[in-house]
*Asks:* 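Following this message is one structure expressed as structure tokens.
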Amino acid sequence: MTFDAEDIEEDMEDYNDALVLTLPVAGCNIRKILIEGGSSINVLFYDTFKRMELNDEHLISSYYTIYGFNEAPTKPLGDIVLQVNACPMKVDTRFSVVYAPSPYNAIIG
């Protein structure tokens, strides 16, 4: 999904709110996905992961730490590749699963 200058309407020039969407991820409609163009990773929060009825055996080991995410270094519980359906595209997307509080269910960079 992309936007360019032609998509901006006259009354939207000062609009700078976050883009938050509902998207099908691995067959589940996930609400409150923050689209963060400046993010270098995609994040799926652990409580959302569990509500999707995924289990820890689906996680791929990760050996990195995320910085600047919640004002503290965060070690992911693991990674998982899930299909995101952003019609008409279906994209296999790698998510870092983290245990942290958030008003969002996922962040896509």
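These numbers come from a predicted model, not from an experiment.
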*Asks:* What are the two closest heavy atoms between Val20 and Lys32, and how far apart are they?
*Replies:* CG1-CA, 3.5 Å
*Asks:* Does Lys50 NZ have over 12 foreign heavy atoms under 6.0 Å away?
*Replies:*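 Atom NZ in Lys50 is crowded, with more than 12 foreign heavy atoms closer than 6.0 Å.
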*Asks:* Side chains of residues 77-84: which donor-acceptor pairs under 3.5 Å do they make with residues two or more places apart or in other chains?
*Replies:*
{"residue": "Asp79", "atom": "OD1", "partner": "Tyr64", "partner atom": "OH", "Å": "2.5"}
{"residue": "Asp79", "atom": "OD1", "partner": "Ser96", "partner atom": "OG", "Å": "3.3"}
{"residue": "Asp79", "atom": "OD2", "partner": "Tyr64", "partner atom": "OH", "Å": "3.1"}
{"residue": "Asp79", "atom": "OD2", "partner": "Arg94", "partner atom": "NE", "Å": "2.9"}
{"residue": "Asp79", "atom": "OD2", "partner": "Arg94", "partner atom": "NH2", "Å": "3.3"}

*Asks:* Nearest 0.5 Å, what's the CD-SG distance between Glu53 and Cys28?
*Replies:* 7.5 Å
*Asks:* Measuring from atom CG of Leu59 to atom CG of Leu54, what distance do you get when rounded to the nearest 0.5 angstrom?
*Replies:* 8.5 Å
*Asks:* Please report the closest heavy-atom contact between Val97 and Tyr46, naming both atoms and the distance.
*Replies:*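 Scanning both residues, the minimum pair turns out to be CG1-CD1, 3.8 Å.
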*Asks:* Under the 3.5 angstrom rule, does the side chain of Asn42 hit a backbone N or O of Gly109 as a donor-acceptor pair?
*Replies:*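 Here the side-chain-to-backbone pair exists.
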*Asks:* Return the minimal non-hydrogen interatomic distance between Val98 and Pro76, and the atom names on each side.
*Replies:*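 That would be CG1-CA, 4.0 Å.
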*Asks:* With a sphere of 6.0 Å drawn around CZ of Arg31, does it hold more than 12 non-hydrogen atoms of other residues, nucleotides or ligands?
*Replies:* no
*Asks:* Between Phe95 and Ile108, is the side-chain contact (heavy atoms from CB on, under 4.5 Å) condition met? List the steps.
*Replies:* CA-CA 8 Å; Phe95 288 91; Ile108 294 181; 4.1 Å; yes
*Asks:* How about Phe49 and Asp56: do any of their side-chain heavy atoms sit closer than 4.5 Å?
*Replies:*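 The answer is yes; the side chains approach within 4.5 Å.
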*Asks:* Do the non-hydrogen side-chain atoms of Lys75 and Ser62 ever get within less than 4.5 Å of each other?
*Replies:* yes
*Asks:* Rounded to the nearest 0.5 Å, what separates atom CD1 in Ile66 from atom OG1 in Thr74?
*Replies:* 6.0 Å
*Asks:* For Val43 and Tyr104: C-alpha separation, side-chain torsions, deciding distance, then whether side-chain contact (heavy atoms from CB on, under 4.5 Å) applies.
*Replies:* CA-CA 10 Å; Val43 175; Tyr104 305 105; over 6 Å; no
*Asks:* Rounded to the nearest 0.5 Å, what's the gap from OG1 on Thr22 to CD1 on Ile33? Could you check?
*Replies:* 7.0 Å
*Asks:* Rounded to the nearest 0.5 Å, what separates atom CE in Met52 from atom CG in Asn105?
*Replies:* 9.5 Å
*Asks:* Let me confirm one number: the CZ-CZ distance from Phe45 to Arg51, rounded to the nearest 0.5 Å.
*Replies:* 11.0 Å
*Asks:* Taking it one step at a time, do Thr48 and Ile30 satisfy side-chain contact (heavy atoms from CB on, under 4.5 Å)?
*Replies:* CA-CA 8 Å; Thr48 304; Ile30 305 298; 4.1 Å; yes
*Asks:* Quick check: is Leu19 connected to Leu44 through a chain of hydrophobic side chains (ILVMFWY, heavy atoms under 4.5 Å apart)?
*Replies:* yes
